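One structure is given below, encoded as structure tokens.
Both backbone and side-chain heavy atoms feed into the values below; hydrogens, waters and symmetry mates do not. In this text the structure is predicted, and so the values were computed from the model without any measurement.
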Amino acid sequence: MSLEFSSVLFTTTSGGGASVADFKRLHLPTCTAARPSSPSVRVSVSFSSSTASFGRSFSRRSNSSSSCVVCKASKAVDQVKEVKEAGWQSLVIGSETPVLVEFWAPWCGPCRMIAPVVDELAKEYAGKIRCYKLNTDESPNVAKEYGIRSIPTVLFFKDGERKENIIGAVPKSTLAAMIEKYLEA
């Protein structure tokens, strides 16, 4: 039997135990879960969106009274959009709004560390700046044009002009200070 669900998080219990749940309704990508009917239950869940994938398997015995979360996502909407060479001129250089661009690659560990920080800043400064990420493996010409030799590198553009760059996985306060400096000017 295959179950399909979206927009709901849930827990399961068995063995006559009560389930207490306090969930908020979230808009999540559609998930499918395969649940065989046997004393030992194995649930596999996976979903994907345009920016991320998630897969997880859970096993437990049917006489267990513990809960397990089967589908969980904290961010259904990604504030940081991907920019490629084709859209660079219109989205970054031609933008009337200041733009923060994170140069990254999927194999880069520090890039994965700074990505949530950039996501937070994109949400905090929504409407004041635009945030993009550029995969240097897919758009090497833009990276070469701006002299990107180390990743992650964050560039800040205002009125189509590069104002500042920060190299490495830096704290949120460092990036916020850079943004504030150019928003006040």
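- The only member of I166, L134, V101, I148 that meets side chain to side chain contact (heavy atoms under 4.5 Å, CB included) when paired with T153 is I148.
- Residues I93 and V99 share a single hydrophobic cluster, defined by chaining ILVMFWY side chains whose heavy atoms lie under 4.5 Å apart.
- Note on V92 and L100: separate hydrophobic clusters, where clusters join Ile, Leu, Val, Met, Phe, Trp and Tyr whose side-chain heavy atoms are under 4.5 Å apart, directly or indirectly.
- Under a hydrophobic-cluster definition in which Ile, Leu, Val, Met, Phe, Trp and Tyr are linked whenever side-chain heavy atoms come within less than 4.5 Å, directly or via other members, M113 and W107 are assigned to different clusters.
- Looking only at side-chain heavy atoms (C-beta outward), K163 and M178 stay at 4.5 Å or farther from each other.
- Aromatic ring centres of W88 and Y146: separated by under 6.0 Å.
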Verdict with supporting geometry, I167 and N165, side-chain contact (heavy atoms from CB on, under 4.5 Å): CA-CA 7 Å; I167 300 170; N165 64 306; 4.1 Å; yes
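- With hydrogens and angles ignored, the 3.5 Å screen pairs a side-chain donor or acceptor of N135 with a backbone N or O of D137.
- A donor-acceptor contact under 3.5 angstrom links the side chains of Y182 and E164, judged on distance only.
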Worked check of side-chain contact (heavy atoms from CB on, under 4.5 Å) between L183 and K128: CA-CA 8 Å; L183 288 181; K128 297 179 183 176; 4.2 Å; yes
Pair R162-F156, side-chain contact (heavy atoms from CB on, under 4.5 Å): steps then yes or no: CA-CA 6 Å; R162 179 168 96 178; F156 192 81; over 6 Å; no
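- Screening I114, L121, V170 for a side chain to side chain contact (heavy atoms under 4.5 Å, CB included) with V154, the sole residue that qualifies is I114.
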Intermediate values then yes/no, side-chain hydrogen bond (donor to acceptor under 3.5 Å, both in side chains), E120 and Y125: CA-CA 9 Å; E120 287 178 30; Y125 290 96; over 6 Å; no
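- Distance check, rounded to the nearest 0.5 Å: OG of S150 to CZ of F103 gives 13.0 Å.
- Using a 4.0 Å cut-off between charged side-chain N and carboxylate O, E124 and K172 make a salt bridge.
- When all heavy atoms of S139 and K84 are compared, the closest pair comes out as OG-CA, 3.6 Å.
- The closest donor-acceptor contact from the side chain of E85 to the backbone of N141 lies under 3.5 Å.
- Closest non-hydrogen pair, C108 versus P152, comes out as SG-CD, 4.0 Å.
- With sequence neighbours left out, the salt bridge (Lys or Arg N to Asp or Glu O under 4.0 Å) criterion links E96 to no other residue.
- Looking at W104 and T136, their side chains never come closer than 4.5 Å, going by heavy atoms from C-beta outward.
- Note: the hydrophobic cluster containing L155 does not contain V118 (ILVMFWY, side chain heavy atoms under 4.5 Å, direct or indirect links).
- Between the side chain of R130 and the backbone N or O of S95 there is no donor-acceptor pair closer than 3.5 Å.
- Expressed to the nearest 0.5 Å, how far CD of E102 lies from SG of C111 amounts to 6.0 Å.
- By the criterion of side-chain heavy atoms lying less than 4.5 angstrom apart, applied directly or through intervening Ile, Leu, Val, Met, Phe, Trp or Tyr residues, I151 is grouped together with F157 in one hydrophobic cluster.
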